[in-house]
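Worksheet: the structure to be examined is printed underneath.
Here is the naming used below: chain letters follow the sequence lines, and residue numbers restart at 1 for every chain.
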2 protein chains.
Amino acid sequence: MNITIYDVAREANVSMATVSRVINGNPNVKPVTRKKVLRTIEELGYRPNAVARGLASKKTTTVGVITPDISSMFFAELARGIDDIANMYKYNILLSNSDQNIDKEIKLINTMLEKQVDGIVYMGGQIKEEHLQQFNTSPAPIVLAASIDPSQSTPSVNIDFEQGGYEATNLLIDNGHKHCAFVMGTNEATINELKYQGFIRAHEEAGLTFNEDHLYRGDFTYNSGIEAVEKFSKLDQKPTAIFAATDEISLGVIHAIQDQGLSVPEDIEVIGFDNTKLAVMVRPTLTTVVQPMYDIGAVAMRLLTKYMNREEVEEANVILPHQIIKRNSTK
Amino acid sequence: MNITIYDVAREANVSMATVSRVINGNPNVKPVTRKKVLRTIEELGYRPNAVARGLASKKTTTVGVITPDISSMFFAELARGIDDIANMYKYNILLSNSDQNIDKEIKLINTMLEKQVDGIVYMGGQIKEEHLQQFNTSPAPIVLAASIDPSQSTPSVNIDFEQGGYEATNLLIDNGHKHCAFVMGTNEATINELKYQGFIRAHEEAGLTFNEDHLYRGDFTYNSGIEAVEKFSKLDQKPTAIFAATDEISLGVIHAIQDQGLSVPEDIEVIGFDNTKLAVMVRPTLTTVVQPMYDIGAVAMRLLTKYMNREEVEEANVILPHQIIKRNSTK
DNA sequence: TTGAAAGCGCTAACAA
DNA sequence: TTGTTAGCGCTTTCAA
């Protein structure tokens with residue numbers, strides 16, 4: 001049998017309530033008593049049972065984190081931001097991968113709620129009615145990180161993706177390009193669509209008509225970038241600049257261009273999105289829209305702590321600033 | 001107040017024991033009764049409380065995962081393997097980052113044990129006496145993933161790193177090189193040392209003397225690779241081939257070489273280690289030792305389930321096979 | 001096949 | 001400042 005608070009109480013000649021107070025740092029304990037209890041805790045090698053504590057206090061000090069795929073650099077970085085802040089507030093992270101599968105997402109939320117998490121940080125490509133229904137009936141607060149709820153009814157932390165796409169495209173247009181291409185990920189991703197909308201708005205404002213042939217829908221991978229360029233190269237009207245929805249796609253784009261004997265940025269300019277560490281791990285280094293992944297995770301977790309503590313929240317839908325870092329893939 | 005098993009029992013006109021049986025799929029329930037209970041569970045929107053269940057059953061169906069840094073591609077991939085298998089066995093993952101800080105590592109183990117995890121998958125650069133003491137006194141089984149316990153006393157899943165380093169070096173030596181360099185990470189990492197030992201053994205067996213100037217100790221980053229090459233380039237006797245401890249370092253090495261106007265593999269051959277997806281995201285693509293990160297995680301988790309179920313374990317220290325993939329950074 | 005009842009280890013009034 | 005005593009919501013004998 002394990003050592004319980006009761007064993008400690010007996011050995012220290014106090015009541016379990018006193019032991020509990022010592023463990024929880026309750027000031028209402030005489031220093032002498034506290035010392036005595038602390039010593040016998042040490043002696044017995046007592047380790048508090050957080051599950052029992054959770055049952056009695058209705059707080060588990062763990063938060064659920066639902067991510068599409070932790071092996072993606074993007075979400076891994078977000079998760080790191082979440083965990084660091086969680087730790088700061090004494091929470092632990094119950095992490096799960098959803099693969100953007102809606103059934104799995106719903107199931108995961110329920111599992112975490114059964115496990116009585118104090119809150120959830122949710123990441124996912126598309127928020128649908130089913131999600132919202134779960135979010136709205138959840139007994140624990142939920143915050144979205146780098147995920148868009150079109151209804152704006154769920155607290156969230158994001159950047160302005162449409163504006164990011166707009167600015168990236170404008171950089172290309174300002175450099176004189178009239179034929180910009182956009183390589184996007186799956187259309188299951190709201191964020192993706194937002195970047196595209198920005199891309200389109202930039203064209204409209206510049207009075208440029210966008211050639212639909214210059215849109216490539218891939219799946220966010222390096223290979224998508226390669227395939228996009230291969231497709232573009234067969235066109236009569238080839239794009240002279242390419243905006244890729246992520247850095248990883250951008251690397252594929254750059255390498256495919258180079259494999260064809262062309263140069264970046266001389267022949268074709270390329271701009272990415274995210275500023276993952278990949279951006280400086282290519283030649284030429286990548287001009288890209290900076291998305292502060294770590295910060296989004298950190299701020300989302302911080303926001304969640306406010307809800308968990310029932311603190312006042314001034315703004316439920318946080319938009320973090322973004323910027324463009326110019327490197328060598330654009331002129 | 002929340003809906004409990006008791007509410008369901010009352011509504012369904014059965015005892016809580018029967019509800020419990022239904023929830024847990026106990027076959028000793030008359031189909032009619034089961035149906036009735038299931039219906040009222042549905043009606044009331046009852047959600048079992050896993051914390052209470054954990055307290056009563058002494059099982060939480062969650063396993064702790066301690067990783068140095070989830071934002072590292074390497075560990076993220078491992079974590080994915082762990083989570084996938086964990087899910088398969090109905091476990092959830094309590095994940096934490098240790099930053100290889102020994103105090104944090106010990107604290108994390110204790111926190112997870114307090115939370116009554118059923119087992120722990122541990123990843124860390126260096127296993128010391130303090131770790132072993134924790135491992136040995138842990139009430140929950142612990143399995144190491146891609147981490148070396150020199151005493152071999154803790155169950156683990158790894159590849160043969162020494163042999164991997166040996167083979168990588170031999171590939172270079174077989175290509176005629178007499179001046180191979182090794183770019184390693186921090187010396188806090190046992191795995192690193194193992195690769196180095198393999199590197200040295202290959203030299204010895206080939207009757208080559210290793211020039212200490214050709215050893216660079218960095219920190220596992222892309223920049224380490226760059227710095228290493230810069231240092232090497234100032235030497236009188238420059239290396240003609242470079243073995244880097246990880247793929248990320250390799251990319252830095254390759255780019256630094258190219259930045260100096262030299263070519264890979266014509267002027268200098270490069271071989272990496274891990275085969276992360278970075279390996280194909282460079283030009284030239286990287287020859288590298290394949291470390292099956294996902295599988296290591298998956299097998300470690302599978303092994304942990306055996307210990308948690310008190311199954312027979314044939315081999316506690318699993319060595320997974322590795323291989324070398326030849327791409328274009330070597331001739 | 002079902003129910004009654006005793007915990008699991010702790011927190012949190014409430015009383016002293 | 002300390003102790004007593006109900007629970008928290010569930011599992012699990014044991015009996016019927």
Review point. At how many degrees, to 10°, do the end axes of the helix from C:dT1-D:dA16 to C:dA16-D:dT1 meet when each uses five pairs?
Key: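 About 30° separates the two local helix axes.
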
Applying side-chain hydrogen bond (donor to acceptor under 3.5 Å, both in side chains), can you list everything that pairs with [X], at least two apart in sequence or on another chain?
X: A:Thr111; value: none
X: B:Arg21; value: none
X: A:Asn97; value: none
X: A:Thr190; value: none

Check your understanding: Counting just side-chain N and O atoms, does B:Lys58 come under 4.0 Å of either OP1 or OP2 of D:dC10?
Key ->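 For D:dC10, neither OP1 nor OP2 has a side-chain N or O of B:Lys58 closer than 4.0 Å.
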
Check your understanding: Any side-chain N or O of A:Thr18 less than 4.0 Å from the OP1 or OP2 oxygen of D:dG3?
Key ->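 Affirmative; the distance criterion is met.
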
Review point. Who are the salt bridge (Lys or Arg N to Asp or Glu O under 4.0 Å) partners of B:Arg10, not counting sequence neighbours?
Key: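 Once residues adjacent in sequence are excluded, the partners of B:Arg10 under the salt bridge (Lys or Arg N to Asp or Glu O under 4.0 Å) criterion are B:Asp7.
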
Review point. C:dG9 P sits how many Å from A:Gln116 CD, rounded?
Key: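 Interatomic distance, CD of A:Gln116 to P of C:dG9: 19 Å.
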
Review point. What is the distance from CG of B:Leu55 to P of D:dC8, rounded to the nearest Å?
Key: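 Roughly 13 Å, once rounded to whole Å.
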
Exercise for review: Measure across A:Leu38 and A:Val22 and return the closest heavy-atom pair with its distance rounded to 0.1 Å.
Suggested key: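 What the structure gives for the nearest pair is CD1-CG1, 3.4 Å.
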
Exercise for review: Determine which pairs satisfy ring-ring contact (aromatic ring centres under 6.0 Å, His included) with at least one residue from residues 80-128 of chain B, sequence neighbours left out, and list them in order.
Suggested key: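 The answer is B:Tyr122-B:His131, B:Tyr122-B:Phe135.
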
Exercise for review: With sequence neighbours excluded, give me every ring-ring contact (aromatic ring centres under 6.0 Å, His included) pair touching residues 32-85 of chain A.
Suggested key: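 Not a single pair qualifies under ring-ring contact (aromatic ring centres under 6.0 Å, His included).
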
Practice item. Please collect all salt bridge (Lys or Arg N to Asp or Glu O under 4.0 Å) contacts where either partner lies in residues 126-138 of chain B, sequence neighbours excluded, each pair once. Key: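 Counting only pairs at least two positions apart or across chains, no salt bridge (Lys or Arg N to Asp or Glu O under 4.0 Å) contact touches residues 126-138 of chain B.
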
Exercise for review: Answer yes when A:Arg80 and B:Asp99 have at least one side-chain N-carboxylate O distance shorter than 4.0 Å, and no when they do not.
Suggested key: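 Counted as a salt bridge, because a side-chain N and a carboxylate O are separated by less than 4.0 Å.
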
Review point. When we call it a touch if two heavy atoms are under 4.0 Å apart, what does A:Val51 touch: a base, just sugar-phosphate, or nothing?
Key: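 No contact.
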
Side chains of residues 25-36 of chain B: which donor-acceptor pairs under 3.5 Å do they make with residues two or more places apart or in other chains?
{"from": "B:Asn26", "atom 1": "OD1", "to": "B:Asn28", "atom 2": "N", "distance (Å)": "2.8"}
{"from": "B:Arg34", "atom 1": "NH2", "to": "B:Asn26", "atom 2": "O", "distance (Å)": "3.1"}
{"from": "B:Lys36", "atom 1": "NZ", "to": "B:Ala12", "atom 2": "O", "distance (Å)": "3.4"}

**Study point:** Heavy-atom protein contacts under 4.0 Å, nucleotides 10-16 of chain C, coded B base, S sugar-phosphate only, - none
**Key:** BBBB---

Point to revise | Close approaches to DNA chain D from residues 28-42 of chain B, in residue order (heavy atom, under 4.0 Å) | key: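 When residues 28-42 of chain B is checked for heavy atoms under 4.0 Å from DNA chain D, there are no hits whatsoever.
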
